[in-house]
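Below is one structure, written out as structure tokens; the observations come after it.
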Amino acid sequence: MDLYFRFSILLLLAFGLNKAFAESFTVGDSQGWVVGSVNYTQWAAGKEFHVGDELLFNYLKQYHNVLVVDEAGYINCTTTNIMATYDNGKTMVTFSNPGAHYYICGVPGHCESGQKLGVVVKNSTPKSYSPSPTPSPVPGEFLTPSSAEGHAPNSKLQSDSRPANHLSNGTVLLSVFIVMLSLL
């Protein structure tokens, strides 16, 4: 029974650590999910999104909604291929997979007026871990990773398809779990 209890505690700690690495972003900051007053491309620029992170959309439900769409729906502000619809006024979306994610307001004219958001989500990684740069063939120079930030609202977002050169949350959790298990 004692071993079962310790194992349960370790599992709870491991799952708690995974959540500790996630970040929550309020879309549009204090202005929220509105039409006309926030440039969501600029809002997303400079932010790094990872699997496990959350987007919080705050909006007046009688005037707005959040639609999860494909790339064409984002670029053309069309609602022909909606993957999810939210209309509760306070929508929390958790990224479960890497790649490009697209959101628009489905109220006629709102997306066309800029109420749309496209972000690139990277594989999960601890925010405090900073990998050292990979040296290039020329001594003293370093390669820098390309970025998907700064694209115009109607441009295509590119996901980071390079293999991760850092530890994932799963690797960190497994390591912590093994160390804690060895202490039993």
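This structure is a prediction, so every number in the text was calculated from the model and none was measured.
Distance NZ/Lys47 to CG/Asp53: 12.0 Å, rounded to 0.5 Å. A distance of 13.0 Å separates NE2 of His101 from CD of Glu71, quoted to the nearest 0.5 Å. From Glu48, atom CD reaches atom NZ of Lys122 across 4.0 Å, with rounding to the nearest 0.5 Å. The line from CG of Leu56 to CG of Asp29 is 11.0 Å long, rounded to the nearest 0.5 Å. Taking CD of Glu23 as the start and CZ of Phe95 as the end, the distance is 11.5 Å to the nearest 0.5 Å.
When all heavy atoms of Ser37 and Val34 are compared, the closest pair comes out as OG-CG2, 3.2 Å. The two atoms that bring Ala22 and Gly52 nearest to each other are CB-O, 3.2 Å, heavy atoms only. Nearest heavy atom pair, residue Val38 against residue Gln31, reads CG2-OE1, 2.8 Å. Taking each heavy atom of Pro98 and Asn123 in turn, the nearest pair found is CG-OD1, 3.3 Å.
Not a single side-chain hydrogen bond (donor to acceptor under 3.5 Å, both in side chains) links Asn97 to another residue, sequence neighbours left out. With sequence neighbours excluded, no residue forms a disulfide bond (SG atoms under 2.5 Å apart) with Cys105. The side-chain contact (heavy atoms from CB on, under 4.5 Å) search around Thr79 returns Leu67, Ile82, Ile104, not counting sequence neighbours. Under the side-chain contact (heavy atoms from CB on, under 4.5 Å) criterion, Ser24 pairs with Glu54, Met92, not counting sequence neighbours. Legend: residues meeting side-chain contact (heavy atoms from CB on, under 4.5 Å) with Asp70, ordered by chain and number and at least two apart, are Ala72, Asn81, Met83. Under the rule for a ring-ring contact (aromatic ring centres under 6.0 Å, His included), the partners of Phe57 that lie at least two apart in sequence or sit in another chain are Trp33, Tyr103.
Counting only residues at least two apart or in different chains, side-chain hydrogen bond (donor to acceptor under 3.5 Å, both in side chains) contacts with residues 84-93 comprise Tyr59-Asn88, Tyr59-Thr91, Asn88-Thr91.
In the hydrophobic clustering of this structure, Val51 groups with Val93; members are Ile, Leu, Val, Met, Phe, Trp, Tyr whose side-chain heavy atoms approach within less than 4.5 Å, directly or through other members. A continuous path of Ile, Leu, Val, Met, Phe, Trp and Tyr side chains, each step under 4.5 Å between heavy atoms, connects Val68 with Val121, placing both in one hydrophobic cluster. Cluster membership check: Val27 does not share its hydrophobic cluster with Val35, using side-chain heavy-atom separations under 4.5 Å among Ile, Leu, Val, Met, Phe, Trp and Tyr.
Using the six-membered ring where Trp is involved, Phe25 and Trp43 have ring planes that are perpendicular, over 60° apart on the 30 and 60° scheme.
Judged by distance alone, the side chain of Asn58 and the main-chain N or O of Gly32 form no donor-acceptor pair under 3.5 Å. Remark: side-chain polar atoms of Lys116 are not paired, donor with acceptor, to backbone N or O of Cys111 under 3.5 angstrom.
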